[in-house]
**Q** 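Quick one: structure below, then a few questions.
Letters A, B, ... are given to chains in the order of the sequence lines, protein chains preceding strands, and every chain is numbered from 1. Values below: all heavy atoms of this structure, side chains included; hydrogens, waters and symmetry mates excluded.
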Protein chains: 2
Amino acid sequence: MPRRAKASRPAKAPGAPAEAADGSAEPVPHGRGRKIAAKRTAILGAGLKLFSRYGLHGATMEEIAKAAHVSKTNLFYYFASKEEIYVAILRQLLESWFAPLDGLKPEADPVAAIGAYIRQKVIFSRDNPDASRLFCLEIVQGAPLLGPELRGVLKAVVDAKAGVIRAWVAAGKLAAVDPHHLLFSIWATTQHYADFAAQIDAVIGRDLTDETYLEATIANIQRIVLDGVRPRGAGG
Amino acid sequence: MPRRAKASRPAKAPGAPAEAADGSAEPVPHGRGRKIAAKRTAILGAGLKLFSRYGLHGATMEEIAKAAHVSKTNLFYYFASKEEIYVAILRQLLESWFAPLDGLKPEADPVAAIGAYIRQKVIFSRDNPDASRLFCLEIVQGAPLLGPELRGVLKAVVDAKAGVIRAWVAAGKLAAVDPHHLLFSIWATTQHYADFAAQIDAVIGRDLTDETYLEATIANIQRIVLDGVRPRGAGG
DNA sequence: GTCTATAGCACGATAGAC
DNA sequence: GTCTATCGTGCTATAGAC
């Protein structure tokens, strides 16, 4: 029983539909399957909440079971191990994490598209703070379990979008900025408000659930990323 | 033995010089005290490395002992508990984390000062990636142990610097930007390169130890924060 | 101050009845 | 599929000799 496993065994659990260890939205369960899919979803939700707060090793199966309104034994009926729950959650996250990138299309207006992308990311951070933070936890610890997906699907998506940005620059529709650095800066600033919410709350006593602060945050990130702060008469 | 304690008992360990549970630089140990101070430092260093990779609960006392070249029993001679090591490390980090803020003085040139600050933060991220990441881990999990310090000393420092930035704006030396959002954006972008190094490496296969990439990163953050990306002829 | 030995228990995972 | 009971062990922390 290695404490820090490298990869998950293929050990299939019931209700896992061949590939997507998800249980929320893929093949649409029918009739009897609905109940077990609902339980899997509840477990993943409970795991998300607890893993994001206490980490993989800090959260316990007993707590997850309780939060999901399931007995501890039952947990092991649906998932073979703690790590299996963890990676199932992470895989789900990754998709929703880069989905907003779809908006960066070649034919779109760069500034408008980037501005919209920033808004979407901040809104996502507000609506899914736990997701944002769990993703952060995994990456910060070196992405031991998500690494392969990052090098695979994420890299592919990012490379494609970098091409779009590069085309915008070449067309003179955007200042000469490195595409990857631009994306990293957007990710950094938008997720910061979810991931470092504890720090922000400690310093200024606000968070994104405050509608006014949410809009101010979006505006300021858009401003900093899109306009800069160098003085030139009328500010903003 | 509560698994997730709220605060550390005052239980003093030998070699802890009254206040600073640090052991590296404060009262300058003399003669015999040097050896035990060196061991404490080694333990804190080992803890930093392991906690930042595996989290508070993921790292084990046995591993820390081995990494610090100390027997496991000896570890408990120098520190009363695992958490005591953890908080001692965090307290150290906080100081070095906001020390670079000193450069933001009212009499300085805003753009130059902010540019220099960005450089310092990125350099710090390169030289202390583990520190950056451990700090991130703690905040992301809600800062359960560092919360009070954030609301105290960090808030005080930030409020002071926000005043400086506000004065710059009032004097017309800087565009009208919210001071807190500006600071948050700088923290977000600079630390991103240390904290999300695994992701960046997965996507573009580089990290800050590459001197060329380091300089490109600094330049791009400075550019994005200071200049923005809106098209206006010659880019950068 | 450093060691060997071990207490003590929380927690991941399993057995097996129903 | 869900339960009760329990195993095995990894891990924090202590005891006590030297």
**Q** In whole angstrom, what separates B:L50's CG from D:dC11's P?
**A**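 Atom-to-atom, B:L50 to D:dC11, this comes out as 12 Å.
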**Q** Is any side-chain nitrogen or oxygen of A:Y78 closer than 4.0 Å to OP1 or OP2 of D:dT2?
**A**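 Yes, A:Y78 has a side-chain N/O under 4.0 Å of OP1/OP2 on D:dT2.
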**Q** Suppose the criterion is salt bridge (charged side-chain N to carboxylate O under 4.0 Å, His left out): which pairs have a residue in residues 142-153 of chain A, not counting sequence neighbours?
**A**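 Applying salt bridge (charged side-chain N to carboxylate O under 4.0 Å, His left out) to every pair that reaches into residues 142-153 of chain A, excluding sequence neighbours, yields A:R91-A:E149.
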**Q** A:I139 versus A:L150: any side-chain heavy-atom pair under 4.5 Å?
**A**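 A side-chain contact under 4.5 Å exists here.
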**Q** Among C:dG12, D:dT12, C:dG1, which nucleotide sits nearest the side chain of B:K82?
**A**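 Of the options given, the side chain of B:K82 lies nearest D:dT12.
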**Q** Could you tell me, to 10°, how much the axis swings from one end of the helix from C:dG1-D:dC18 to C:dC18-D:dG1 to the other, five pairs per end?
**A**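 Comparing the first five pairs with the last five, the axes sit 10° apart.
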**Q** For B:S71, check side chain to side chain contact (heavy atoms under 4.5 Å, CB included) against everything at least two apart and list the hits.
**A**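 For B:S71 the side chain to side chain contact (heavy atoms under 4.5 Å, CB included) partners, ignoring immediate neighbours, are B:T73, B:N74.
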**Q** Please confirm whether the shortest side-chain N or O distance from B:K39 to OP1 or OP2 of C:dG1 is below 4.0 Å.
**A**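 It does not, given that no N or O in the side chain of B:K39 lies less than 4.0 Å from OP1 or OP2 of C:dG1.
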**Q** CZ of B:F79 versus C1' of D:dT14: gap in Å, rounded?
**A**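 About 18 Å, once rounded to whole Å.
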**Q** With sequence neighbours excluded, tell me which residues meet salt bridge (Lys or Arg N to Asp or Glu O under 4.0 Å) with B:D207.
**A**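 Result, salt bridge (Lys or Arg N to Asp or Glu O under 4.0 Å) vs B:D207: none returned.
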**Q** A:R53: which residues meet the side chain to side chain contact (heavy atoms under 4.5 Å, CB included) condition with it, sequence neighbours left out?
**A**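 Side chain to side chain contact (heavy atoms under 4.5 Å, CB included) check on A:R53 returns A:K49, A:D130, A:R133.
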**Q** For A:I43 and D:dG1, what is the distance between atoms CD1 and C1' respectively, to the nearest whole Å?
**A**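 Answer to the nearest Å: 12 Å.
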**Q** Here's a test of your reading of the structure: between B:T73 and A:E62, which maps to the more 5' nucleotide of DNA chain C?
**A**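 It is B:T73, whose closest nucleotide lies nearer the 5' terminus.
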**Q** Which nucleotide wins on minimum distance to the side chain of B:Y77, given the candidates C:dT2, C:dC3, C:dA13?
**A**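 In terms of side-chain proximity for B:Y77, the closest of C:dT2, C:dC3, C:dA13 is C:dT2.
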**Q** Hey, can you pull the donor-acceptor pairs under 3.5 Å for the side chains in residues 188-197 of chain A, sequence neighbours left out?
**A**
| from | atom 1 | to | atom 2 | distance (Å) |
| --- | --- | --- | --- | --- |
| A:T189 | OG1 | A:S185 | O | 2.7 |
| A:T189 | OG1 | A:I186 | O | 3.1 |
| A:T190 | OG1 | A:I186 | O | 2.7 |
| A:T190 | OG1 | A:W187 | O | 3.3 |
| A:Q191 | OE1 | A:W97 | NE1 | 2.3 |
| A:Q191 | NE2 | A:S132 | OG | 3.3 |
| A:Q191 | NE2 | A:D195 | OD2 | 3.3 |
| A:Y193 | OH | B:H181 | ND1 | 2.7 |
| A:D195 | OD1 | A:S132 | OG | 3.1 |

**Q** Out of D:dC3, D:dA13, C:dT2, which has the shortest distance to the side chain of B:N74?
**A**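 It is C:dT2.
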**Q** Reckon A:S71 has a side-chain N or O less than 4.0 Å from the OP1 or OP2 of D:dT2?
**A**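 For A:S71, the contact criterion (side-chain N or O under 4.0 Å from OP1 or OP2 of D:dT2) is not met.
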**Q** Closest to the A:K72 side chain: C:dA13, D:dC11, C:dT2?
**A**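 Nucleotide nearest to A:K72's side chain: C:dA13.
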